[in-house]
2 protein chains.
Amino acid sequence: MAQDRPPSNRSTTQRAAVLRAVESVHTHPNAEEVYRLVRKNMPNISLATVYRNLHLLADEGKLREVQFLGDVLRYDAMTDPHEHFYCRACHRVWDLDSSLPETVLRATERKTHGSIERYALDYYGLCSHCRKSTTSRD
Amino acid sequence: MAQDRPPSNRSTTQRAAVLRAVESVHTHPNAEEVYRLVRKNMPNISLATVYRNLHLLADEGKLREVQFLGDVLRYDAMTDPHEHFYCRACHRVWDLDSSLPETVLRATERKTHGSIERYALDYYGLCSHCRKSTTSRD
DNA sequence: TTCCTTGCAAATCGTTTGCAAGCGC
DNA sequence: GCGCTTGCAAACGATTTGCAAGGAA
């Protein structure tokens with residue numbers, strides 16, 4: 001049976017620019033925001049190219065896809081395990097250190113009889129800034 | 001200044017049917033699946049009504065919205081805090097007991113200076129069934 | 001009677017895809 | 001030169017919206 005090799009990803013200026021754009025901010029940008037960032041230096045790049053490269057870079061493990069309730073996919077250049085706080089008012093995201101003990105992961109793996117490849121631990125609430133300036137019902 | 005009261009939600013047969021549909025399954029259905037379920041007994045309900053009532057019931061706290069990476073919003077009738085295992089191959093979801101100690105929640109709250117209203121702890125991997133029948137690269 | 005709710009259809013949003021031309025290796 | 005990659009525009013799937021008629025309180 002034929003060994004179908006995966007396509008070897010070439011390095012293009014667009015791909016590098018997309019990666020650099022995500023790495024340059026700590027806002028966990030979505031595709032549209034990455035598009036805006038990249039266009040500053042590369043005005044002809046298309047949105048489709050941004051989408052394609054974001055997926056590809058995530059597959060390669062150079063970026064991490066994250067998503068919060070009711071929001072679109074966002075991208076994170078911090079690929080080491082960590083957690084997030086998402087403000088439901090301003091939609092900003094804060095990175096938090098990993099707090100989930102390895103023992104909890106293993107226990108869950110035993111309970112599910114599945115293999116855990118990654119996890120997402122997302123906290124939702126109001127950030128300190130929005131807590132002051134927003135009514136609690138948003 | 002005028003106190004604008006929120007609309008008082010009326011009870012309609014459609015709304016009750018949507019809630020019952022989600023409660024009747026443990027598959028964490030999305031809007032389309034709820035629509036299919038409800039139409040069995042109520043063939044004229046519209047998809048828009050299903051969407052509107054799912055949101056409304058979630059606002060009321062009678063349903064919980066959940067979402068996994070690359071998937072659409074789903075609904076869960078289990079509103080008590082618990083966690084999920086999501087199989088990336090068959091997209092089935094398993095409920096897991098809450099494993100996050102209260103102490104971790106409080107510590108995070110202190111770190112973020114925000115108020116944590118809820119959290120989502122989602123594990124991703126292959127379930128025991130898909131682990132056997134699927135190649136690891138999916 | 002009030003005004004929330006529905007069904008329908010159209011609109012919108014985020015994302016993906018087909019295709020011909022371009023470019024990395 | 002081969003074949004991955006791009007820009008463009010069209011297509012797509014999921015969800016939301018405007019509106020007039022219907023129904024709960």
Side-chain angles (χ1 to χ4, degrees), chain A residues 2-22 27-60 62-63 65-75 91 138, chain B residues 2-22 27-60 62-75 91:
Chain A
Q3 182 83 7
D4 53 354
R5 68 225 120 91
S8 54
N9 300 331
R10 294 181 177 167
S11 86
T12 65
T13 51
Q14 287 89 338
R15 184 158 307 157
V18 167
L19 178 57
R20 240 181 307 107
V22 179
T27 54
H28 306 75
N30 61 29
E32 194 68 45
E33 290 158 351
V34 175
Y35 180 49
R36 276 202 292 275
L37 285 168
V38 174
R39 260 196 309 186
K40 289 181 186 170
N41 301 308
M42 191 178 277
N44 294 320
I45 196 171
S46 78
L47 182 54
T49 295
V50 171
Y51 271 103
R52 282 186 284 234
N53 280 312
L54 285 172
H55 285 313
L56 194 146
L57 290 163
D59 283 348
E60 291 181 345
K62 292 178 183 158
L63 291 180
E65 297 185 312
V66 296
Q67 186 165 30
F68 305 97
L69 274 174
D71 202 345
V72 300
L73 271 181
R74 294 180 172 218
Y75 291 85
H91 306 145
D138 196 6
Chain B
Q3 183 83 6
D4 53 353
R5 70 222 119 92
S8 55
N9 300 330
R10 295 180 177 169
S11 86
T12 64
T13 52
Q14 287 90 338
R15 185 158 306 156
V18 166
L19 178 56
R20 242 181 305 107
V22 179
T27 54
H28 304 76
N30 61 30
E32 194 67 45
E33 289 158 352
V34 174
Y35 179 50
R36 276 201 294 275
L37 286 167
V38 175
R39 260 197 310 186
K40 289 181 186 169
N41 301 308
M42 191 179 275
N44 293 320
I45 195 173
S46 79
L47 182 55
T49 295
V50 170
Y51 272 103
R52 281 187 283 233
N53 280 311
L54 286 172
H55 285 313
L56 194 146
L57 290 163
D59 282 349
E60 291 182 345
K62 293 179 182 155
L63 292 180
R64 175 169 159 187
E65 296 185 312
V66 296
Q67 185 165 31
F68 305 97
L69 274 174
D71 202 345
V72 300
L73 271 180
R74 294 180 173 218
Y75 291 84
H91 306 145

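Basis for what follows: all heavy atoms, side chains included, without hydrogens, waters or symmetry-related copies. Labels below follow one simple rule: chain letters A, B, ... track the order of the sequence lines, proteins then strands, and each chain is numbered from 1.
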Atom [atom1] of [X] and atom [atom2] of [Y]: how far apart are they, to the nearest 0.5 Å?
X: B:L63; Y: B:N53; atom1: CG; atom2: CG; result: 10.0 Å
X: B:Q14; Y: B:N44; atom1: CD; atom2: CG; result: 9.5 Å
X: B:D59; Y: B:L54; atom1: CG; atom2: CG; result: 11.0 Å

For residues 31-42 of chain A, run the donor-acceptor check on the side chains, cut-off 3.5 Å, and write out each pair with its distance to 0.1 Å, sequence neighbours left out.
from: A:E33; atom 1: OE1; to: A:N30; atom 2: N; distance (Å): 2.9
from: A:Y35; atom 1: OH; to: A:R39; atom 2: NH1; distance (Å): 3.4

| task | Could you verify whether a donor N or O on one side chain and an acceptor N or O on the other, from A:N9 and A:E60, lie under 3.5 Å apart? | result |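 Per modelled atom types, A:N9 and A:E60 side chains form a pair under 3.5 Å.
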| task | Measure the angle between the two terminal helix axes of the helix from C:dT1-D:dA25 to C:dC25-D:dG1, five base pairs each, and quote it to 10°. | result |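 Answer rounded to 10°: the end axes differ by 40°.
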I need the [atom1]-[atom2] distance between [X] and [N], as an integer number of Å.
X: A:Y35; N: C:dC13; atom1: OH; atom2: C1'; answer: 16 Å
X: A:F68; N: C:dG14; atom1: CZ; atom2: P; answer: 17 Å
X: A:D59; N: D:dT5; atom1: CG; atom2: P; answer: 12 Å
X: A:D71; N: C:dC13; atom1: CG; atom2: C1'; answer: 13 Å
X: A:L73; N: C:dT16; atom1: CG; atom2: P; answer: 8 Å
X: B:N9; N: D:dA25; atom1: CG; atom2: C1'; answer: 13 Å

| query | side chain to side chain contact (heavy atoms under 4.5 Å, CB included) with A:L69: which residues, sequence neighbours excluded? | reply |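 With sequence neighbours excluded, A:L69 shows a side chain to side chain contact (heavy atoms under 4.5 Å, CB included) to A:Y124, B:E65, B:Q67, B:L73, B:R118, given in chain and number order.
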| Residue list, side chain to side chain contact (heavy atoms under 4.5 Å, CB included) with B:R52, at least two apart or on another chain |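 Scan of B:R52 (side chain to side chain contact (heavy atoms under 4.5 Å, CB included), adjacent residues dropped) gives B:A48, B:T49.
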| query | Do you know which two heavy atoms are closest between B:V66 and B:H28, and how far apart they sit? | reply |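 Closest approach of B:V66 to B:H28, heavy atoms only: CG2-CD2, 4.5 Å.
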| request: Between B:A31 and A:R10, just flag the one whose closest nucleotide in DNA chain D comes earlier from the 5' side. | output: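 First, find each residue's nearest nucleotide; the 5'-ward one identifies A:R10.
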| query | For DNA chain D, what residues of residues 11-20 of chain A have any heavy atom nearer than 4.0 Å? | reply |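 Contacts with DNA chain D under 4.0 Å: A:T12, A:Q14, A:R15.
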| Is there side-chain contact between A:R74 and A:F68, with heavy atoms separated by less than 4.5 Å? |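 Of all side-chain heavy-atom pairs linking A:F68 with A:R74, at least one is under 4.5 Å.
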| query | Hey, can you pull the residues of residues 44-57 of chain B with a non-hydrogen atom under 4.0 angstrom from DNA chain C? | reply |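 Going residue by residue through residues 44-57 of chain B, the ones with a heavy atom under 4.0 Å of DNA chain C turn out to be B:N44, B:I45, B:S46, B:A48, B:T49, B:R52, B:N53.
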| field | Exam field: side chain A:R15 to backbone A:L57, donor-acceptor pair closer than 3.5 Å | value |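 No; judged by distance alone, with no hydrogens or angles, the pair does not exist.
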